[in-house]
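As structure tokens, the structure follows; a few thoughts come after it.
Reckoned from all heavy atoms, side chains included, excluding hydrogens, waters and symmetry mates.
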Amino acid sequence: MHKFAHMADIHLGAHREQVLQRLEMVAFSEAMDMCIEEKVDFILICGDLFHIGIPDLGVVKEAVRKMKEVQDSGIPIYAIYGSHDYTPTGTTVIDILDTVGIIKKVVRGKITEGKLRLDFFTDPKTGAKLVGISARKIGLESRYYEILDVENLEKEGGFKVFAFHSGLTEFKPDYLSQMETIPISYLPKGFDYYAGGHVHNRSENSLLGYGRVVFPGPLFTGYARDIEQTAKGEKRGFYIVSFQDKVEKVDFIEIKPFDSVYFEYDASLKNSLQAQKELTEKLAGLEVKDKVFVLKVRGELSGGKTSDINFSQIKRTLIERGALYVHLNRFGLTSKEFAAVKVMGEDIGSIESRLFKENVGAVRLTHEALKDERGAIMATELLQNLRQEPKANESKKDYGERMVKQTIETLQLREVFK
Amino acid sequence: MKGEIEIAGQVIGGRVASIMIREKSGRKIELGDLLVVEEDGGYLIMQVYDLGYGSQIPQSIRELAAGLKLEGYGNGLDFLDPQLRNYVMAQVKAVARVTGELVKIPKVLPSFFSSVRYVTREDMKFLTKPANPVYLGKVRSGSKVLDVDVYLNGDDLFAHHVIISSTTGRGKSNLVKVMLWDITGQSRFGALVLDPHDEYFGRSGKGLKDHPEAKRNLSYFSTNPPVGGNTLVVNLGSISPEHFEGIIEFSDAQQHAIRLYHREFRDEWIEKILRGTQIEGIASTTLSVLQRILRATLSVYLEDDRIVCRNNVFSDSSGKATISEIIKALEGGKLVVVDTSKLGDEAELLIGSIIATEILTKHQEAKAEGKLDEKRTVSIVIEEAPRVLACERLAKIGENIYSRIAREGRKFKVGLLAITQLVSIMPRDILTNMNTKIVLGNEMATERHAIIESAAQDLSTDDRNIASLDKGEAIITSIFTKFAVPIYTPLFEDFIKERAEKFDTKGELIFQG
């Protein structure tokens with residue numbers, strides 16, 4: 001019996017806070033150690049190993065050290081690009097790791113006569129045949145699927161795994177309804193295992209004509225919502241798939257790098273002073289030591305400003321009481337006195353995306369690429385790019401040039417600035 | 001002044017609704033022809049609704065002359081100046097008086113003895129392309145097609161409901177395909193097509209999939225989708241008791257039971273019933289009957305403690321976002337075609353009911369918030385509409401979402417596009433609410449009468465006209481047209497050839513592993 005590990009959405013380097021940076025590396029190390037312990041034959045990472053294409057070198061160094069350890073144990077690591085592994089300028093850390101042999105990209109193919117023909121990569125030890133499609137910047141990989149020569153892939157014999165980093169419409173949870181996904185009909189039928197990534201929600205699925213379609217969800221937490229869900233009890237981890245000629249067993253391996261507390265407070269019908277007082281009292285009774293604390297405050301204050309509630313003080317108090325980290329979500333908190341533009345969302349990213357989508361129609365635009373959803377997507381990307389800070393040791397000039405280059409790419413103005 | 005060659009006849013008598021025209025010899029006035037009388041700086045458009053012979057020679061003489069010819073007594077026998085003595089009389093009705101750009105319903109007769117000519121393209125120039133246009137075909141005069149496109153404003157058309165009626169094989173689906181093709185490139189309206197014959201997408205042959213904007217503006221859902229299509233799989237948790245209203249017949253006790261199950265188990269209520277989970281106050285016999293009804297309607301059964309659906313349409317694990325995907329597409333101005341060909345009637349109507357209920361609710365909420373203007377008009381295309389809109393059914397099972405939309409959807413920018421052979425079995429108030437009727441050929445007198453009685457214009461003299469409509473020929477009667485406009489809708493395959501445009505905005509694709 002052979003075994004492989006399937007993980008995705010590790011998002012190393014996603015967090016600025018040192019505590020979370022340490023915990024995300026702990027989670028990654030634990031997962032790698034489990035793979036060694038379980039003697040898997042190979043590891044398949046289905047995208048978003050790192051949070052950005054060119055992450056902080058300290059994060060890369062730690063990750064490489066661990067992956068080298070895995071490699072030295074005779075376990076190869078295979079990977080595909082995730083949506084975060086992409087940079088407008090081209091080369092990413094994944095390419096570098098592939099070049100030096102730390103990981104191996106398993107997506108190979110070319111476009112011939114309008115058809116994308118993919119080549120299988122065969123794992124030398126198990127004979128498992130791997131093929132897949134990496135993610136590109138928002139939604140672009142769907143064009144690969146449109147021209148994918150599925151017949152060739154379907155007629156191949158042996159134990160086959162299809163790796164991808166896209167949400168599938170049929171298995172999308174309702175709360176992710178705004179997420180861009182592709183229909184499963186784009187995927188070739190008859191594979192033994194479909195190793196997914198991108199959806200931060202663990203699920204094991206099946207549909208007529210397709211084998212097991214598995215999304216492991218994030219290994220740790222890439223986004224604010226992930227932390228909340230983890231604190232609410234959602235398990236994080238990866239899968240170990242046992243197989244011979246077909247899948248025999250699929251086991252979820254939980255990784256739990258921290259204990260957590262989730263606390264939700266409804267401030268409706270209270271003014272800011274009452275809310276602060278009550279919230280402080282309620283928090284005082286909770287055990288927070290050595291835990292990641294997630295505090296979600298929502299509702300409409302009957303009086304006062306939302307900023308009257310001293311959240312900094314609340315966070316400080318929790319940290320002083322021994323909390324490892326305090327994650328605060330107050331996007332659902334509003335005030336009757338100070339009605340702002342109401343856009344509901346789970347996190348900053350989704351709120352921004354919705355704001356763009358709702359307002360793009362209000363702007364008179366002539367260029368097709370700026371209209372409708374395409375315009376909203378481009379605006380979201382541009383904002384993401386412009387939000388990047390200079391890297392360590394990056395000169396002001398280099399930073400400026402990098403930002404300009406990425407902006408030109410995002411705005412699809414390469415031809416204009418040639 | 002028009003040349004003599006265009007003169008078709010002369011007004012020689014009659015009344016407002018029945019003007020008599022003598023046909024000029026050599027002309028062939030047809031049923032449905034549009035004729036024009038010019039006068040007072042404007043012109044009057046009239047339409048032929050009946051034809052008959054006229055003769056100056058007494059009947060007995062004509063009979064004798066025919067006998068002589070038939071029996072071989074006078075092979076060369078003919079009337080003196082036959083073009084003067086025997087002729088065709090056309091009965092016409094005035095349909096529009098045009099003065100400059102003003103088009104009015106005619107209230108006076110054309111001048112006695114005035115010359116009548118065939119309509120020309122120029123005469124119909126008042127039919128301009130409105131905002132948010134939906135193409136319906138070209139103006140038709142009898143069986144002659146004028147090069148004048150007929151459009152209606154889609155917001156008006158769709159929100160105020162459309163009914164398309166004819167007997168089978170007269171071009172209903174072709175017309176709908178042409179309309180849908182036209183809106184596919186626009187992103188202005190959402191349209192949901194429940195397609196029981198899987199004929200719109202064009203899985204084999206030409207269809208809406210061939211539209212250059214199909215990738216962006218068309219979503220196709222099927223239990224067996226082609227590459228790129230969406231799998232039609234609806235999660236059982238997406239179904240609420242209200243979605244069954246007027247679709248499935250439940251007794252009062254069963255209604256009560258399903259509401260209790262829904263209240264108790266929310267998204268899992270169907271699963272709990274199927275698994276036979278008992279709750280207080282519900283008799284086991286009621287639960288058994290509900291299980292049987294749900295199993296039959298949803299084609300589901302339990303196997304190794306798993307819920308399995310025979311046609312893979314309903315699932316307890318997949319398809320959680322299917323309905324919201326469809327709603328999102330419709331709200332984004334897309335065309336959504338749902339292939340229901342593998343589904344039973346009830347399952348198809350249920351899926352339609354889920355989507356229609358959600359979209360109506362969203363629009364009602366938007367109206368309550370004063371944001372209805374931000375919503376696009378959504379049309380729900382339903383084939384064989386009497387399945388949900390027949391008098392007998394509504395009386396027996398009660399109102400359903402489709403009848404609700406027919407009655408009040410207009411206020412919320414949600415409309416029906418109902419396709420049917422049988423108008424006569426639909427309630428009068430619903431027919432009246434269908435403010436645009438597109439009438440194609442129909443041999444059945446009862447159906448013609450039903451549509452004539454509920455038409456937006458007076459079609460009381462058009463019975464023969466409707467009976468004689470050939471494939472592709474239609475009459476639009478609508479509160480949004482000044483008169484009942486005769487049209488010809490081209491064959492879909494020809495139409496798309498004409499409209500095919502090269503959209504190539506993507507550029508070369510380079511593969512990056």
Side-chain angles (χ1 to χ4, degrees), chain A residues 80-81 86 90 98 105-111 114 116-119 132-134 136 140-148 150 167-179 181-188 203-209 213 357-358 361 368-369 371-374 412, chain B residues 187-188 213-217 219-235 237-238 267 306 308-313 315-329 331-334 358 369 371 373-376 503 505-513:
Chain A
I80 64 170
Y81 277 132
Y86 166 84
D98 180 51
K105 286 195 291 176
V106 291
V107 181
R108 297 180 306 178
K110 60 179 176 189
I111 297 171
L116 171 58
R117 295 182 210 285
L118 293 177
D119 299 324
I133 290 188
S134 290
R136 295 288 309 279
L140 190 60
E141 74 271 12
S142 68
R143 289 185 62 196
Y144 291 153
Y145 286 103
E146 285 168 16
I147 58 167
L148 179 63
V150 288
L168 295 176
T169 311
E170 288 79 357
F171 308 129
K172 182 161 61 167
D174 204 24
Y175 73 87
L176 291 177
S177 60
Q178 296 301 318
M179 180 193 215
T181 50
I182 58 164
I184 196 170
S185 64
Y186 273 136
L187 271 47
S203 69
E204 297 163 39
N205 316 276
S206 64
L207 207 63
L208 195 69
V213 185
K357 278 183 186 169
E358 284 175 18
E368 281 301 314
K371 289 179 181 173
D372 304 327
E373 204 161 337
R374 285 169 293 174
Q412 298 171 14
Chain B
S187 303
R188 289 190 177 108
E213 289 285 287
K215 280 205 174 80
R216 212 157 63 87
N217 284 340
S219 294
Y220 179 61
F221 287 80
S222 171
T223 49
N224 176 29
V227 173
N230 300 284
T231 313
L232 180 62
V233 55
V234 177
N235 193 270
S238 306
D267 289 356
R306 285 184 314 118
V308 181
C309 181
R310 277 184 205 90
N311 50 22
N312 300 304
V313 174
S315 166
D316 59 343
S317 56
S318 313
K320 286 180 181 157
T322 301
I323 299 300
S324 47
E325 281 291 307
I326 292 174
I327 301 294
K328 190 171 78 173
E331 299 226 290
K334 285 188 180 181
E358 296 306 309
E369 291 170 12
K371 291 182 175 173
D373 285 348
E374 295 169 16
K375 296 277 180 198
R376 291 176 170 93
F503 283 71
T505 53
K506 289 186 170 175
E508 195 190 352
L509 186 62
I510 298 160
F511 181 64
Q512 286 186 353

Query - Segment of B/N224 engaging chain A (4.5 angstrom heavy-atom cut-off) - result: side chain
Query raised in the report: What residues form a side-chain hydrogen bond (donor to acceptor under 3.5 Å, both in side chains) with B/S219, not counting sequence neighbours?
Result: none
Query raised in the report: Between A/S185 (side chain) and B/P226 (backbone), is there a donor-acceptor pair under 3.5 Å?
Result: yes
Requested in this report: Measure A/L176 against the heavy atoms of chain B and call it side chain, backbone, both or neither at under 4.5 Å.
Outcome: neither
Report task. Sort out for me which of B/G319, B/S317, B/P225, B/G229 touches chain A most, counting heavy-atom pairs under 4.5 Å. Result -> B/G229
Query raised in the report: Between A/E170 and B/T231, is any side-chain donor less than 3.5 angstrom from a side-chain acceptor?
Result: yes
Query raised in the report: What part of A/S206 lies closer than 4.5 angstrom to a heavy atom of chain B: side chain, backbone, both or neither?
Result: backbone
Report summary line: In terms of heavy-atom contacts, B/K328 and A/K172 come closest through NZ-NZ, 4.1 Å
Query raised in the report: What is the minimum heavy-atom distance between B/G228 and A/P183, and which atoms define it?
Result: O-CG, 3.3 Å
Query raised in the report: Taking A/N205, A/L116, A/V106, A/I184 one by one, which has the highest count of heavy-atom pairs under 4.5 Å against chain B?
Result: A/L116
Requested in this report: Using the test side-chain contact (heavy atoms from CB on, under 4.5 Å), find all partners of B/N312 that sit at least two apart in sequence or belong to another chain.
Outcome: A/L208
Query raised in the report: Which answer fits B/V227, side chain, backbone, both or neither, if we ask what part of it has an atom under 4.5 Å from a heavy atom of chain A?
Result: both
**Report entry** Contact class of A/I182 relative to chain B, heavy atoms under 4.5 angstrom
**Finding:** neither
Requested in this report: Give a yes or no on whether B/K320 atom NZ has more than 12 heavy-atom contacts from other residues, nucleotides or ligands under 6.0 Å away.
Outcome: no
Query raised in the report: Sub-3.5 Å donor-acceptor pair from the side chain of B/S318 to the main-chain atoms of A/F171, do we have one?
Result: no
